[in-house]
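To start, the structure itself, in structure tokens.
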Amino acid sequence: MNRTNFGSKLGVLAATAGSAVGLGNIWRFPYEVGENGGAAFILVYFTCIFLIGFPIMLSEFALGRLGQQNVMGTFRAMGHKRWNWIGYAGVLCCFLIMGFYAVVMGWTLEYVYQAVVYGFEGKTAEDLSQAFTDFSSQTGRPIYWSAVCIVATCAVILQGVTKGIERVSKMLMPLLFVLLIILGVRSLTLEGGMEGLRFLFTPDFSKIDPDVLLSAMGQAFFSLSLGMGCMITYGSYMSKKNNLGLTAFQVTSIDTLVALLSAIAVFPAVFAMGMSPAQGPQLVFVTLPSIFTQMPGGYVWAIAFFVLLAIAALTSTISLVEVVTAFFSEEFKMKRRTAAIMCSAIILGMAVLASLSMGIWANVKILGHTFFDLFDTISAKYLMPIGGLGISIFSGWVLDQKRLELEVTNQGTLKARFFKGYVFVLKYLIPLAIVSIFLNELGLFSI
Ligand code: PHE
């Protein structure tokens, strides 16, 4: 494929925000918040987003646009082959993420189906929780739905209709946004809902332990699609005129807002209905349907919500599969078609493992984790922050500063008052933060 540029400014934003906003915001963020004690986690999360996430996103865009290559080729093209490891780690990370992401996206399709066929009316929170467990622990059905998701993603990439999807999602994502606000209002006005707000916004600092720090950092990387080459690959498709800093800022803000709205929809309902905030991956799939049961027109809202969530997930899976497709097709001179199909087959294999680990293989553990957990933990908590560490060290210390500055300022045509501060953050702050969070987790150092 020619390295085509994204068509317009809005196209760039739609694609990058489409990658960032997904299940990470609406499914993973609330359950991480719930498991890690609420407000304190959110505080650390915000700090990670703006101090670590935003600068790394800008760097990824700049590196991609400089190198004009896939995640690995970029480092070679810039004359720094030794940093290729970031590319390899990124490719591995993509497969791991897709392994469980496709499963969760499959769940959203099942919920579209359930919303249409049965509706959730009349169901109590216990019924919904039981229904989720019954469904997700089955063998065939969840795998079928993940396969549908993987095939759909592959088809979009092969047909080169990514642009079409972006056009559609540009119109639909604001709807998802509005729907989240409506859900939030309904959730807040449930009796006892305010307790949920307290959980979200009154931090208890004693809850911040090494695991909370690592989880919040991991969530920031995951939600912004950072540290594994996704934004490098997308950066390589951006036009030389695009204002990278502005795009990074917009994407970061939109992503954070969506995560926050999702938490505001979920937690008041959790408390109002006496559920546990720490339910893990099922949280959203139990809580949101419970809210629909309490809304006039809940049947329609539920369908709309899960359809939009599936589309949000699709724009993320497209970006994930694009990374590995670009990598294999450019590095191994494969046809894009062959590369995309091969990657999808590998992903399907991994999704089967992840899906079965919610049911018949729940007892198969590696390093104490089920496959689902393992894929999630290795990618979000370790590979992405390590990739991010590499990217910040590379762009802060290794890459010629003039080149970075010219790229970030569009050859000097944009003001770069923030440049010095940005480089300082890349050089010192981010490496220090990431390394101390890791050492802290290992118990070698305490913050
Ligand atoms: N950021 C996406 C989400 O929040 C997930 C993702 C991670 C997408 C890494 C691409 C790369 O759902």
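Both ligands and their constituent atoms are indexed starting at 1 by order of listing.
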> Between S59 and Y422, is any side-chain donor less than 3.5 angstrom from a side-chain acceptor?
Replying inline: yes
>> Using a 4.0 Å cut-off to any heavy atom of M228, which atoms of ligand 1 qualify?
In response: 9 (C), 11 (C)
> Which residue owns the protein heavy atom closest to atom 6 (C) of ligand 1, what's the atom, and how far is it?
Replying inline: S225 OG, 3.6 Å
> What protein heavy atom is closest to atom 2 (C) of ligand 1, reported as residue, atom name and distance in Å?
Replying inline: S19 O, 3.2 Å
>> Side chain or backbone, does L23 bring an N or O within less than 3.5 Å of an N or O on ligand 1?
In response: yes
> So between G18, G227, A20, whose heavy atom ends up nearest atom 3 (C) of ligand 1?
Replying inline: A20
> Do E60 and R65 sit within salt-bridge range, that is, some charged N less than 4.0 Å from a carboxylate O?
Replying inline: no
> Taking 4.0 angstrom as the limit, do R336 and E330 come out as a salt bridge?
Replying inline: no
>> Does any part of the side chain of F95, heavy atoms only, come nearer than 4.5 Å to the side chain of S379, both counted from C-beta?
In response: no
>> Check contact between R28 and ligand 1, using heavy atoms of the residue and a distance below 4.0 angstrom.
In response: no
> What do the steps show when you test S223 against D255 for side-chain hydrogen bond (donor to acceptor under 3.5 Å, both in side chains), and what is the final call?
Replying inline: CA-CA 7 Å; S223 191; D255 190 77; 2.6 Å; yes
>> Quick check with a 6.0 Å cut-off and a 45 degree axis cone: is R198 positioned over the face of F271's six-membered ring?
In response: no
>> Counting non-hydrogen protein atoms only, what is the nearest one to atom 12 (O) of ligand 1? Give residue, atom name and distance.
In response: Y101 OH, 2.5 Å
>> Test your reading of the structure: does G24 have an N or O sitting under 3.5 Å from an N or O of ligand 1?
In response: yes
> Rounded to the nearest 0.5 Å, what separation is found between the OG1 atom of T247 and the CG atom of N242?
Replying inline: 3.5 Å
>> For ligand 1, which is the ligand I care about here, please tell me if F222 has any N or O atom under 3.5 Å from one of the ligand's N or O atoms.
In response: yes
> Does D255, backbone or side chain, put an N or O under 3.5 Å from an N or O of ligand 1?
Replying inline: no
